[in-house]
Q: 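Below is one structure. I have some questions about it.
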Amino acid sequence: MPEKVKFSNRCSEIAGLPAADLARRFGTPLFVYDAAKIKERIADLAMFDTVRYAQKACSNIAILKLIREAGAAVDAVSAMEIRRAVAAGWPVKAENPDDPDPIVYTADIFDRDALDLIAGEYPVHVNCGSMDMIWQLGERAPGREITLRINPGFGHGHSQKTNTGGDQSKHGIWHEDLMRAIELASHFDLKVKGLHMHIGSGTDLEHLASVCEAMDRAGLAAGPRIHVISCGGGLPVPYNDDGEYVDLAEYHRIWREKLDLLAKVYRHPIRLEIEPGRYIVAESGYMISEIRAVKNQGENLFYLLDAGFNNLVRPVMYGSYHPIAVAGAKAGAPEAEVIVGGPLCESGDIFTQKEGGYVEKRRLPSAEVGDLVVFGVAGAYGFMMGSNYNSKPLAAEVLIEDGQPRLIRKRQTFDDLTADEVY
Ligand code: LLP
């Protein structure tokens, strides 16, 4: 289990480089990723047979390449994510059929683009999350191997919006329909070779372990056709000093024990896959932003930044907490209780808020216009959920590897922003 870092409201360096230098060279708002942290997190998961990176967390192709080179496989949830995986160098199919599928498409639907791509040019492995996916693939590409994403009837996440199990969730094939799904698959000559469950994002060991029990039941029902089991993603990372990691060794042990029993019944080995996004990239990422206004509204002090929920939407969407630090603030400098907001023409554009939109204050060093603010644990679902709201260009992204910063995404220009508009 990784050692927990203590968060501070001061931060001058990212991966050994001064935040001020990065901001000067690449501008703000800027996402910065520390390659070493990503590699470290993948290495933490080495006890699993396959680490499959859920690229929705951060899919810049330079990051995907790094993750591929570190030995992970990849998950894709759309046609374009499949294309990203291929662009990053993953082969469409494993050379040896016993090896893990390099790319797996996991979804609850095929949009027409994805189905055309998978039935044709890029026949990647499909993990079906609905009955309709089974017949749609079966009609177009009979004879393929598939896995089934099962909704075990319960779920859990850091927010109700990231809970992906239970009857209020649209995800997965309902656990009671498993045998019907297998029958439907065989009707189309699709071979079910594995099962998958992902109950939510940012959950805990107790809930993750209960998936194992549900999987055991599903695995026994499905029988010896099963060769691979995915326990999904969802591993939490600490976003504040109260946050915890999951005990990975223990988590792996619980799964391995169950799968070894199943393997005995089946009389063949079962591969165990894990499919995290956040765990691999969250802590590698930072967002640097500049303070552009400091104002008092009655009793409240606001720092208004050049980054808003167009850059980092998690606080607005889930009430998520991100560590916030003022770069270059001296130890012992005075502090204040501050509300931190962005530039958008919308009052919800506040980084310091709880779920439900309740504004909170954060104790931060006194700062002025021109000072930099650094958001931590911003590598997962940070840049990725950015938008062009208020015609703000998407931020630039930089990867630091071996002490060298490298631009991996240019900041958008007006021409980029309007390139697809017809006028
Ligand atoms: N596998 C499946 C099938 C998933 O749906 C997800 C996440 C993952 C793996 C990876 O989950 P992770 O290990 O990253 O928790 N935007 C939200 C998170 C939404 C996650 C959606 N699915 C956030 O910012 O917290």
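Bear in mind that the values here come from a model prediction, so they are computed numbers and not experimental data. Count residues from 1 along the sequence. As the structure lists them, so they are numbered: ligands from 1, and atoms in each ligand from 1.
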Q: Give a yes or no on whether a salt bridge exists between Lys264 and Asp260, defined as a side-chain N under 4.0 angstrom from a carboxylate O.
A: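 Result for this pair is no, no salt bridge flagged.
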Q: Consider ligand 1: state whether an atom of it lies below 4.0 angstrom from any non-hydrogen atom of Met317.
A: no
Q: Give me the residue, atom name and distance of the protein heavy atom closest to atom 8 (C) of ligand 1.
A: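 The closest heavy atom on the protein side is His198 CE1, 3.4 Å.
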Q: Is there a heavy atom of Lys161 sitting under 4.0 angstrom from any atom of ligand 1?
A: no
Q: With heavy-atom distances below 4.0 Å as the criterion, list the atoms of ligand 1 near Met385.
A: 16 (N)
Q: With respect to Glu337, which candidate in Lys361, Arg362, Arg363 satisfies the salt bridge (charged side-chain N to carboxylate O under 4.0 Å, His left out) definition?
A: Arg363
Q: Taking Asp247 first and then Arg253, would you say they form a salt bridge - that is, a charged N and a carboxylate O separated by under 4.0 Å?
A: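 Between Arg253 and Asp247 there is no salt bridge, as every charged N stays at least 4.0 Å from the carboxylate O atoms.
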Q: Is there a side chain to side chain donor-acceptor pair (under 3.5 Å) between Glu81 and Tyr105? Walk through the geometry before answering.
A: CA-CA 9 Å; Glu81 280 197 358; Tyr105 175 83; over 6 Å; no
Q: For a quick check under 3.5 Å, do Asn127 and Thr147 share a side-chain donor-acceptor pair by atom type?
A: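 A donor-acceptor contact under 3.5 Å links the two side chains.
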Q: Which atoms of ligand 1 are found less than 4.0 Å from any heavy atom of Arg278?
A: 12 (P), 13 (O), 14 (O), 15 (O), 18 (C), 23 (C), 25 (O)
Q: For atom 12 (P) of ligand 1, state which one of Ser201, Gly233, Ala380, Pro236 supplies the nearest heavy atom.
A: Ser201
Q: Does this structure show an ion pair linking Lys37 with Glu40, if we count only N-O contacts that are shorter than 4.0 Å?
A: yes
Q: Looking only at protein heavy atoms, which one is nearest to atom 14 (O) of ligand 1, and how far off is it?
A: Tyr381 OH, 2.6 Å
Q: Atom 24 (O) of ligand 1: which protein heavy atom is closest, and how many Å away?
A: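 Here the closest protein heavy atom is Arg314 NE, 2.6 Å.
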Q: Which of the numbered atoms in ligand 1 are below 4.0 angstrom from a heavy atom of Arg149?
A: 3 (C)
Q: Excluding sequence neighbours, so at least two apart, what forms side chain to side chain donor-acceptor pair (under 3.5 Å) with Asn60?
A: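 Testing Asn60 for side chain to side chain donor-acceptor pair (under 3.5 Å), a comparison that skips the adjacent residues, returns Glu397.
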Q: For atom 4 (C) of ligand 1, which protein heavy atom lies nearest, and how many Å away is it?
A: Lys56 NZ, 3.0 Å
Q: Is Glu273 salt-bridged to Arg271, cutoff N-O under 4.0 Å?
A: yes
Q: Taking all non-hydrogen atoms of both residues into account, name the closest pair between His158 and Ser320 and its distance.
A: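 Heavy atoms only, the tightest pair is CE1-OG, 4.1 Å.
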Q: For atom 17 (C) of ligand 1, which protein heavy atom lies nearest, and how many Å away is it?
A: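 It is Tyr318 OH, 3.0 Å.
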Q: Give the numbers and elements of all ligand 1 atoms closer than 4.0 Å to a heavy atom of Ala54.
A: 8 (C), 9 (C), 10 (C)
Q: How far is atom 25 (O) of ligand 1 from its nearest protein heavy atom, and which residue and atom is that?
A: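 Result: His158 NE2, 2.7 Å.
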Q: Can you pull out the closest protein heavy atom to atom 1 (N) of ligand 1? Residue, atom name and distance to 0.1 Å, please.
A: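 For this ligand atom, the closest protein heavy atom is Glu275 OE1, 2.6 Å.
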Q: Could you check whether Glu275 pairs with Arg149 (Lys NZ or Arg NE/NH1/NH2 to Asp/Glu carboxylate O, under 4.0 Å)?
A: no
Q: Just to check, does Gly232 reach to within less than 4.0 Å of ligand 1 when the distance is taken from its heavy atoms?
A: no
Q: Geometry only, no angles: is Gly234 polar-contacting ligand 1 at N/O separations under 3.5 Å?
A: yes
